[in-house]
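The structure appears right after this line, and notes come after that.
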Amino acid sequence: MTVNDTAGDGMDRELTLMAVHAHPDDEVMGTGGVFAKYAAEGVRTVLVTCTNGEQGDGPGGVKPGEPGHDDAAVAERRLAELRESVGHLGIGHLELLGYRDSGMVGWEGNGHPDAFANVPVESAAARLAELMERYRPQVIVTYDENGNYGHPDHIQAHRIAVAAAEMTGIPDKLYYVAVPRERIREMFEFLRSSGMAPDDFELPDDFGTPEELVTSVVDVSAYVENKLKALQAHASQGENIPMLQMPPEAQHRAFSHEFFTRKTSRVDAPDHEDDLFAGLRD
Ligand SMILES: [Zn+2]
């Protein structure tokens, strides 16, 4: 449905982009470019990070559950890295919901009562709704229903973002980060040929976003360097970030465009657009 807002409400407020992410470091690959680009254009930018990333690697690559993994120290380090990343991307406002990282599917941390994935959707959504009321973003970006790759915290971030958007009725356009299937396939082939992915690992056929669901492609090639620096800021998670080991040409190719599925829009915008604010500018 398209509604033209002739009363001016919504059209005269400051253009604002909000992205809702699960962990420190998630802001970079799918949305780092749009953050940097829109911030440079004077759009207000807000990153909401739902968890503290406690289930990330500790110093020396020590994994959660292994001796020497200190949740509090990991969280502190990752939040410092997040602040550095936010600086490289020019993000104006960082909002931390402070929930506990649930860990990957099947990890022991999944069962922790405070884990983000176990928090009732209504209560976390109510907190996010307050931030939506405060910033009144016309554009909100989050993950798809599957959290883009099945991580319980990404799925929960999706759920609370959609619930808060419905509760408040604030965003004019709601997007899911898209990871086009073809791009993943290319990247995976590259990782395998360079020995960075195990030979026996096969990409599931349904991995990634089918091409026909991608509505919006934003050229962020001018901001590849910002994304790279932001990703490098998350150095403690370096082992889990294969993009950091790729040669510069492959990085440029992987970082230069960001893809989205537009789920809802109350403004007139083309079916295929190259600007998340299409239909929202004077
Ligand atoms: Zn994540």
Side-chain angles (χ1 to χ4, degrees), residues 19-33 35-36 45-91 93-110 112 114-117 143 147-157 177 179 187 191 194-198 201 223-248 250-251 254-255 258:
V20 181
H21 280 295
H23 308 106
D25 78 15
D26 289 324
E27 72 284 355
V28 184
M29 278 309 294
T31 57
F35 268 133
T45 49
V46 184
L47 166 63
V48 180
T49 300
C50 297
T51 79
N52 304 317
E54 289 92 336
Q55 298 286 285
D57 290 0
V62 62
K63 307 287 176 195
E66 287 179 359
H69 189 278
D70 176 346
D71 284 353
V74 170
E76 192 183 326
R77 170 96 190 261
R78 295 195 71 186
L79 294 175
E81 291 175 338
L82 177 61
R83 289 194 175 87
E84 192 186 330
S85 167
V86 157
H88 290 305
L89 299 174
I91 295 170
H93 304 266
L94 170 63
E95 296 287 351
L96 303 172
L97 295 188
Y99 291 109
R100 186 187 159 82
D101 187 344
S102 311
M104 308 273 264
V105 154
W107 288 13
E108 207 186 318
N110 295 175
H112 197 291
D114 297 335
F116 179 45
Y143 312 107
N148 284 102
Y149 75 107
H151 192 298
D153 289 332
H154 288 234
I155 294 171
Q156 183 78 331
V177 170
V179 190
M187 177 98 54
L191 291 175
S194 53
M196 284 188 256
F201 179 80
Y223 302 95
V224 166
E225 206 52 38
N226 301 68
K227 287 176 77 172
L228 195 54
K229 283 189 183 139
L231 208 52
Q232 285 162 344
H234 294 286
S236 69
Q237 305 309 305
E239 273 186 22
N240 309 323
I241 308 177
M243 278 77 73
L244 284 176
Q245 277 94 54
M246 299 192 317
Q251 283 173 335
F255 287 31
E258 291 177 356

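For reference, positions follow the sequence shown, starting with 1.
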Measure across A157 and C50 and return the closest heavy-atom pair with its distance rounded to 0.1 Å.
CB-SG, 4.3 Å
On a heavy-atom basis, which atom in A117 and which in Q156 lie closest, and how many Å separate them?
O-NE2, 3.9 Å
Side chain to side chain contact (heavy atoms under 4.5 Å, CB included) filter on P247, not counting sequence neighbours, yields F190, E249, A250
For S102, enumerate each residue passing the side chain to side chain donor-acceptor pair (under 3.5 Å) test, keeping only those at least two apart in sequence or located in another chain.
D153
With sequence neighbours excluded, what pairs up with Q55 under the side chain to side chain donor-acceptor pair (under 3.5 Å) test?
none
Taking every heavy atom of V74 against every heavy atom of G53, the minimum-distance pair comes out as CG1-O, 3.6 Å
How about R78 and H234: do any of their side-chain heavy atoms sit closer than 4.5 Å?
no
Does the side chain of P24 reach to within under 4.5 Å of the side chain of E81, using non-hydrogen atoms?
no
Residue pairs fulfilling salt bridge (Lys or Arg N to Asp or Glu O under 4.0 Å) with at least one residue in residues 226-243, sequence neighbours excluded:
K63-E239, K227-E258
Residues at least two apart in sequence or cross-chain that pass side chain to side chain contact (heavy atoms under 4.5 Å, CB included) with D26, listed by chain then number, are H21, A22, H23, Y143, H154
Going by side chain to side chain donor-acceptor pair (under 3.5 Å), name the residues that satisfy it together with E95, two or more places apart in sequence or in a different chain.
R134, Y135
Do the non-hydrogen side-chain atoms of T49 and L47 ever get within less than 4.5 Å of each other?
yes
Could you check if a side-chain atom of D25 sits within less than 4.5 angstrom of a side-chain atom of L82, using non-hydrogen atoms only?
no
For A235 and R77, the nearest pair of non-hydrogen atoms, with its separation, is CB-NH2, 4.5 Å
Just so I know, are the side chains of V105 and P152 near enough to count as touching, which here means a heavy-atom distance under 4.5 Å?
yes
Sorted by chain and number, sequence neighbours left out, side chain to side chain contact (heavy atoms under 4.5 Å, CB included) with M243 holds for M29, L231, I241, M246, F255
How close do H151 and G103 get, counting heavy atoms only, and between which atoms?
CE1-O, 3.2 Å
List for me each residue that meets side chain to side chain contact (heavy atoms under 4.5 Å, CB included) alongside I155, sequence neighbours excluded, and say none if there are none.
N146, R159
Less than 4.5 Å apart, side chain to side chain, heavy atoms only: is that true for H93 and T45?
no
Can you tell me if CD on E76 sees more than 12 non-hydrogen neighbours from other groups inside 6.0 Å?
no
Across all chains, not counting sequence neighbours, the ring pair (Phe, Tyr, Trp, His ring centres under 6.0 Å) partners of Y99 are F116
Restricting to pairs with a member in residues 99-108, which pass salt bridge (Lys or Arg N to Asp or Glu O under 4.0 Å), not counting sequence neighbours?
D71-R100
Quick one: does N240's side chain get under 4.5 Å of D57's, heavy atoms only?
yes
Could you tell me whether a side-chain N or O of N52 sits under 3.5 Å from a main-chain N or O of E54, the two making a donor and an acceptor?
no
